[in-house]
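Every number for a ligand or one of its atoms is a count from 1 in the order of the listing.
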Amino acid sequence: ALTRDVSEAIVHCELTHHERVPIDVSRARTQHLAYEDVLRAVGCTLERVPAALELPDAVFIEDTALVFDEIAVMTHPGAESRRSELPPVEHALASRRTLARIDPPGTLDGGDVLVVDRHVFVGRSSRTNDIGIEQLRTILSPLGYTVDAVPVLDCLHLKSAVTAIGGQTLLINRAWTRAAAFRAYDLVDVHPFEPAAANALRIGDQLIYPAEFPRTAERLDRRGIKLHSVPASELAKAEGGVTCCSLIVW
Ligand code: CIR
């Protein structure tokens, strides 16, 4: 798992759907360390990409690259302030995968890309445009992946709205995307009081999940899904979830 330290500048992070509220940087760091511990507990070896203290959103490393069996794709983030995050991530991935890239005017954030086996769903969002999606299709189709664009409604990224939680099961907030795009899957709905609860990080057959969504966690528990709970409230104020704080490389 590649991770990146929480910048002091996170208080100046990009915000799209949230009001700016004070972020306690030391609390965010403590929670991020707990997240890294859970990554270790599920079997990951941690590698920290050098910190970028002047880049507010660098901790959200997921947005900078996509990793597949055959290739890694450097994105072109939709927020201009985030584009300088890429070089050290590219450096970390270059020895592990052949690299492709999304080029301007295409934009694409990793948080908009949900991979389920050989199916890649890409959110059309304020960060990811049609040109970026088409570029990704051109890269992945020859490798045997399908690439489908799906809408992102009232949230930042596709993976704020839907994530894969095991086998053919997805965790979803139907108000934030178009559920029909996922009709081939078994869908678990977030609890109505917990709209932001669809972002879970699956690693192998284990699931890392924010401690702040007990009602949805109970739904998962009833299905026999075992969760590794992590406190994620502080980075949530920067519109980050559990998928965005790591890049998983195998
Ligand atoms: C941003 O707006 O770019 C950051 N404040 C949050 C990015 C969260 N990333 C993600 O969900 N993949």
Side-chain angles (χ1 to χ4, degrees), residues 1-25 28-29 31-32 35 39 49 51-67 72-86 89 102 107-115 120-129 132-133 136 150 152-164 171-173 176-177 190 195-203 208-210 212-213 230 232-248:
L2 304 181
T3 61
R4 219 163 179 189
D5 197 5
V6 179
S7 168
E8 292 284 347
I10 190 148
V11 293
H12 304 299
C13 67
E14 293 282 343
L15 287 176
T16 309
H17 296 275
H18 288 20
E19 292 291 318
R20 195 169 295 280
V21 293
I23 296 175
D24 179 335
V25 177
R29 286 194 170 137
Q31 293 186 346
H32 191 247
Y35 171 82
L39 285 169
V49 174
L53 294 179
E54 73 291 1
L55 296 172
D57 286 304
V59 63
F60 304 122
I61 190 171
E62 159 181 75
D63 292 318
T64 59
L66 312 169
V67 183
V73 181
M74 299 310 301
T75 66
H76 187 65
E80 199 177 344
S81 70
R82 301 203 52 194
R83 294 180 185 154
S84 319
E85 295 174 22
L86 267 71
V89 182
I102 304 296
T107 64
L108 188 138
D109 276 16
D112 276 319
V113 179
L114 170 65
V115 182
V120 180
F121 297 93
V122 190
R124 187 185 282 121
S125 72
S126 60
R127 300 292 175 83
T128 296
N129 66 17
I133 297 172
L136 187 62
V150 291
V152 174
L153 314 166
D154 297 328
C155 65
L156 183 59
H157 286 128
L158 181 65
K159 277 187 283 190
S160 322
V162 56
T163 55
L171 179 61
I172 189 166
N173 175 346
W176 284 356
T177 183
V190 298
N199 187 261
L201 173 59
R202 180 163 67 120
I203 298 182
I208 299 179
Y209 195 68
E212 290 76 27
F213 306 119
V230 287
S233 58
E234 216 50 41
L235 289 177
K237 296 175 184 171
E239 281 188 76
V242 287
T243 61
C244 30
C245 293
S246 56
L247 262 177
I248 308 300

Arg29 and Asp5, any side-chain heavy atoms less than 4.5 Å apart: yes

Lys/Arg N to Asp/Glu carboxylate O, Asp63 vs Arg82, below 4.0 Å: yes

Working for side-chain contact (heavy atoms from CB on, under 4.5 Å), residues Thr107 and Ile102: CA-CA 7 Å; Thr107 64; Ile102 304 296; over 6 Å; no

Salt bridge (charged side-chain N to carboxylate O under 4.0 Å, His left out) partners of Arg4, counting only residues at least two apart: none

Short side-chain to backbone donor-acceptor contact, Thr3 and Ser246, under 3.5 Å: no

Contact summary for Val89 and Ala65, nearest pair of heavy atoms: CG1-CB, 4.3 Å

Residue shell around ligand 1, heavy atom under 4.0 angstrom: Glu14, Asp57, Phe60, Glu62, Asp63, Arg82, Gly111, Arg127, Leu156, His157, Ala238, Glu239, Gly240, Cys244

